[in-house]
Amino acid sequence: KENYKIEKYFIQGNDFSYPLPFVIIKPYTREKRPLLFYMDAAGKDELIKNEDEISVYLNMGYTIMAPDVLGTGELSNTAFKGDSYIQDFSFNLFIGANLVGKSIAGMQASDLDILLKSIQTLEDIDATNITAVVKDEACSSYLHFAVFNRNIKRTILMNPLVSYEDVATTKNYEPRYLWTAVPEAIRYYDLSFLQSLLVSQELVVVNPVTAKGDYVSPKKWDENNYIVEEVYENQNMKKKLKVIFTGREESPASFLNEKL
């Protein structure tokens with residue numbers, strides 16, 4: 001491009017038979033810049049085709065990394081559907097993973113661990129200063145990874161699922177939210193527990209949604225996620241937490257400018 005370049009990579013994990021593709025988007029300079037890790041549930045191409053959004057992030061001083069993890073983008077299932085294929089999601093694959101003691105969310109989180117470790121070798125990226133922007137149902141998988149990564153300084157969750165409990169108690173839920181659920185999770189924890197474990201970093205939650213994909217009200221958020229605010233407050237980190245309800249689709253760029 002005229003003002004930036006897109007470098008295409010893939011990395012092979014030790015325990016997996018598939019390569020993980022990702023792109024690095026950066027200006028034509030050699031300066032060491034903080035990383036904007038951008039994860040879209042639809043895959044990296046959703047960002048690549050949005051040149052205006054890319055320019056905004058680069059002008060803020062970031063280098064951008066955008067991956068495809070298992071089940072998204074180039075790693076989407078295109079061959080097997082099974083007898084329970086609903087709204088582009090194969091429940092056979094979801095249940096198959098469960099039957100061998102795994103989950104789609106867990107495998108995606110493992111992909112993220114491999115990907116974030118891979119950038120340690122890139123000299124023009126400050127891998128100790130990472131801001132993550134995560135969108136839609138990918139937020140659930142990301143949270144399982146992020147609680148173990150201390151190099152992420154700020155997380156912005158765009159339209160995250162309010163809770164696994166909401167999926168379990170909603171009759172006509174969106175299949176995409178089950179895809180990144182962990183079997184039996186709500187016996188032990190919910191997504192709010194994972195968010196509260198990010199207390200060492202800044203957390204911005206924008207327009208959380210129900211299992212039907214509708215924006216939740218502040219009241220419903222408080223009922224499902226009060227533990228997040230309690231933990232941030234008890235750790236004297238309340239100023240690092242921001243929950244935003246606008247009721248409309250938003251660009252993550254506007255929240256990167258927010259001063260917490």
Side-chain angles (χ1 to χ4, degrees), residues 1 3-11 19-27 32-76 105 108-120 122 124-147 149 151-161 176 180 195 198 201-209 242 244 249-258:
K1 304 293 182 178
N3 298 317
Y4 62 87
K5 57 183 175 180
I6 302 175
E7 298 177 349
K8 298 182 179 181
Y9 296 87
F10 71 86
I11 187 167
L20 297 170
F22 63 97
V23 295
I24 299 290
I25 307 173
K26 58 187 180 183
K32 194 169 188 176
R33 297 159 67 97
L35 181 71
L36 179 67
F37 177 74
Y38 194 103
M39 183 180 180
D40 193 303
K44 63 184 183 305
D45 285 351
E46 291 301 303
L47 176 64
I48 292 174
K49 66 187 182 183
N50 194 333
E51 297 188 14
D52 291 338
E53 188 173 0
I54 289 173
S55 295
V56 170
Y57 299 140
L58 295 178
N59 290 336
M60 289 180 177
Y62 292 104
T63 288
I64 309 167
M65 178 185 186
D68 285 336
V69 296
L70 186 69
T72 69
E74 293 183 68
L75 298 182
S76 295
Q108 289 184 346
S110 181
D111 288 350
L112 294 178
D113 184 58
I114 294 170
L115 287 162
L116 267 294
K117 285 178 178 176
S118 72
I119 65 168
Q120 305 292 328
L122 300 179
D124 55 352
I125 290 178
D126 183 357
T128 66
N129 186 4
I130 301 174
T131 294
V133 170
V134 192
K135 301 180 71 174
D136 303 316
E137 63 270 23
C139 294
S140 301
S141 299
Y142 166 82
L143 286 169
H144 287 84
F145 155 76
V147 295
N149 191 302
N151 290 330
I152 300 174
K153 304 303 182 186
R154 189 181 205 189
T155 290
I156 300 176
L157 302 177
M158 305 295 299
N159 311 323
L161 176 66
R176 58 195 175 116
T180 51
Q195 291 176 15
L198 302 182
Q201 62 173 268
E202 298 176 359
L203 176 62
V204 182
V205 182
V206 183
N207 289 331
V209 298
K242 194 169 189 112
I244 299 168
E249 195 64 30
E250 300 282 359
S251 168
S254 59
F255 304 104
L256 283 169
N257 287 325
E258 290 281 346

Contacts table for residues 132-139: side-chain donor-acceptor under 3.5 angstrom, sequence neighbours left out:
from, atom 1, to, atom 2, distance (Å)
Asp136, OD1, Asn159, ND2, 3.3
Glu137, OE1, Arg176, NH1, 3.1

First locate atom [atom1] of [X], then atom [atom2] of [Y], and finally report the distance between them rounded to the nearest 0.5 Å.
X: Asn151; Y: Gln120; atom1: CG; atom2: CD; value: 6.0 Å
X: Leu47; Y: Ile54; atom1: CG; atom2: CD1; value: 4.5 Å
X: Leu203; Y: Gln195; atom1: CG; atom2: CD; value: 6.0 Å
X: Leu36; Y: Ile125; atom1: CG; atom2: CD1; value: 11.0 Å
X: Ile156; Y: Glu202; atom1: CD1; atom2: CD; value: 9.0 Å

Residue list, side chain to side chain contact (heavy atoms under 4.5 Å, CB included) with [X], at least two apart or on another chain:
X: Leu116; value: Leu35, Phe37, Ile119, Ile130, Phe145, Asn149
X: Glu46; value: Asp40, Ala42, Lys49
X: Thr72; value: Asp68, Val69, Gln108

**Report entry** Donor-acceptor under 3.5 Å (Gln201 side chain, Thr155 main chain)
**Finding:**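 The answer is yes, because a donor-acceptor pair under 3.5 Å joins these two groups.
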Query raised in the report: Is a side-chain N or O of Asn129 found less than 3.5 angstrom from the main chain of Pro34, in a donor-acceptor match?
Result: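 No; judged by distance alone, with no hydrogens or angles, the pair does not exist.
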Requested in this report: Check side-chain hydrogen bond (donor to acceptor under 3.5 Å, both in side chains) between Lys117 and all other residues, then give those that pass, not counting sequence neighbours.
Outcome: Asp113
Report task. For the pair Tyr38 and Tyr57, name the ring-plane relationship: parallel under 30°, tilted 30 to 60°, perpendicular over 60°. Result -> tilted
Query raised in the report: Only one of Arg33, Met65, Glu7 forms a side chain to side chain contact (heavy atoms under 4.5 Å, CB included) with Lys26, so which one is it?
Result: Glu7
Query - Partner set under salt bridge (Lys or Arg N to Asp or Glu O under 4.0 Å) for Asp126, not counting sequence neighbours - result: none
